[in-house]
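Read through the structure below, which is laid out as structure tokens, and then see the notes.
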Amino acid sequence: MSTFDGAKRLERSFAEGDPVEVAPQLLGKLLQRGALLARIVEVEAYRDGADAASHAYRGKTARNATMFGPPGHLYVYFTYGMHYCANIVCWPEGHAGAVLLRALEPVHGLEEMAARRFSNERIAPAPRPESLCSGPAKLCQAFGLDRGADGFDLVSGVEGVCLLDDGTPPPKEPAVGPRVGLSASCAARHERWRWWVPGDANVSRGPVAR
DNA sequence: CTTTGGATCGTCT
DNA sequence: GACGATCCAAAGG
């Protein structure tokens with residue numbers, strides 16, 4: 001598990017706090033898996049029993065158990081019958097919270113990402129780089145993350161996936177807005193707990209994207 | 001350009 | 001039995 005270009009692993013303490021505080025700080029950090037490397041450009045925060053949009057809202061279950069575990073681990077869930085989404089677990093063990101990775105800027109391994117995203121068929125023309133990781137399910141597909149990756153430790157990186165810091169600071173003034181995909185009846189749909197790098201081409205296309 | 005509908009199944013009511 | 005922390009292709013302006 002080699003790091004990249006002198007980038008350093010994130011400390012576990014980085015994820016020990018409130019996901020609403022941690023999320024914007026993750027903008028600019030790197031996700032690595034083998035030769036794959038990409039920079040985080042869009043995130044959302046999810047809390048616990050006080051956040052009606054969170055998987056942890058109604059307590060611990062088999063699906064969301066990782067959210068209640070120690071910080072700095074990967075929480076991957078299956079949704080819509082065909083997609084996976086990846087989160088970074090926050091808060092100390094026993095307290096559930098996470099940051100959803102919504103979009104990444106591909107840095108290395110674009111061809112491998114494209115191969116996972118667009119299996120078989122067309123090798124050329126090469127897909128636009130912004131089509132590889134510009135959504136929570138897209139980035140999971142590009143990185144090959146599924147329920148088998150749930151619980152991976154992103155700090156030690158022992159399972160082959162880790163978070164790195166190459167010194168790039170988060171934006172001083174990140175763009176902010178409401179979270180994407182919440183139903184009209186969700187009590188927490190107005191919370192502005194989505195952050196992204198202003199103007200980044202890899203940010204997901206949502207109702208109020210960009 | 002924007003809008004719509006289909007795919008597809010684990011999870012919780 | 002209903003509903004997703006989604007994506008894509010196709011249809012409509």
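Sequence lines set the chain letters: A, B, ... in the order given, protein chains first and strands last, and positions in each chain run from 1. Remember, it's a predicted structure, so these values are computed and weren't measured experimentally.
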Worksheet item: Do A:Glu16 and A:Arg12 meet the salt-bridge criterion of a basic N to acidic O distance under 4.0 Å?
Response: no
Worksheet item: What is the nucleic acid contact for A:Phe78, judged by heavy atoms within less than 4.0 Å: base, sugar-phosphate only, or nothing?
Response: sugar-phosphate
Worksheet item: Within less than 4.0 Å of OP1 or OP2 of B:dC9, is there a side-chain N or O belonging to A:Arg63?
Response: no
Item to complete: Fill in the dot-bracket string of DNA chain B, one character per base: . for unpaired, | for a pair to another strand, ( ) or [ ] for pairs within the strand, taking Watson-Crick or G-U pairs under 3.5 Å.
Response: |||||||.||||.
Response to the item:
Testing C:dC8, C:dA5, B:dA7 for proximity to the side chain of A:Met82, the answer is B:dA7
Worksheet entry | Ion pair check, A:Arg102 and A:Glu44, cut-off under 4.0 Å | yes
Worksheet entry | Minimum-distance nucleotide (side-chain atoms of A:Leu100 versus B:dT11, C:dC7, C:dA5) | C:dA5
Worksheet item: Rounded to whole angstroms, how far apart are CG on A:Leu145 and C1' on C:dA5?
Response: 16 Å
Practice prompt. Nearest 0.5 Å please: distance from the OH atom of A:Tyr46 over to the OH atom of A:Tyr57.
Written response: 14.5 Å
Practice prompt. Calculate, to the nearest 0.5 Å, the distance between atoms CG and SG belonging to A:Leu139 and A:Cys85 respectively.
Written response: 8.0 Å
Worksheet entry | Distance in angstrom units between A:Arg179 CZ and C:dG4 C1', rounded | 15 Å
Discussion item. Measuring to OP1 and OP2 of C:dA5, would you say a side-chain N or O of A:Ser54 lies under 4.0 angstrom away?
Written reply: no
Worksheet item: Among C:dG4, B:dC12, B:dG10, which nucleotide sits nearest the side chain of A:Thr61?
Response: B:dC12
Worksheet entry | Electrostatic pair A:Arg39:A:Asp200 at N-O distance under 4.0 angstrom | no
Discussion item. Check this one for me: any side-chain N or O of A:Arg117 less than 4.0 Å away from OP1 or OP2 of C:dC7?
Written reply: no
Worksheet item: How close or far is atom P of B:dG10 from atom NE2 of A:His83, stated in whole angstroms?
Response: 15 Å
Discussion item. I'd like to know if A:Glu42 pairs up with A:Arg194 as an ion pair, taking the criterion as any Lys NZ or Arg NE/NH1/NH2 lying under 4.0 Å from an Asp or Glu carboxylate oxygen.
Written reply: yes
Discussion item. In whole Å, I'd like the distance from the CZ atom of A:Arg147 to the C1' atom of B:dT11.
Written reply: 10 Å
Practice prompt. Determine whether any donor atom in the side chain of A:Tyr77 lies under 3.5 Å from an acceptor atom in the base of C:dA5, or the reverse, and answer yes or no.
Written response: yes
Practice prompt. Figure out the CG/C1' separation between A:Asp150 and B:dT11, and round it to whole Å.
Written response: 14 Å
Discussion item. If stacking means aromatic ring centre less than 5.5 angstrom from the base's six-membered ring centre, planes under 30°, is A:Tyr46 stacked on C:dA5?
Written reply: yes
Worksheet entry | Nearest-nucleotide 5' precedence on DNA chain B, A:Gly81 against A:Arg58 | A:Gly81
Worksheet item: Base, sugar-phosphate, or nothing: which does A:Ala137 touch, judged by heavy atoms less than 4.0 Å apart?
Response: sugar-phosphate
Worksheet entry | Greater than 12 external heavy atoms within 6.0 Å of A:Arg58's CZ | no
Practice prompt. Let me know, please, whether A:Tyr80 or A:Asn64 comes out on the 5' side of the other along DNA chain B by nearest nucleotide.
Written response: A:Tyr80
Worksheet item: Is a side-chain N or O of A:Arg147 found less than 3.5 angstrom from the main chain of A:Arg63, in a donor-acceptor match?
Response: yes
Fill in: Whichever of A:Ser131 and A:Leu182 has its nearest DNA chain C nucleotide further upstream toward 5'
A:Leu182
Worksheet entry | Proximity to the side chain of A:Ser183 - top-ranked nucleotide from B:dC12, B:dG10, C:dG4 | C:dG4
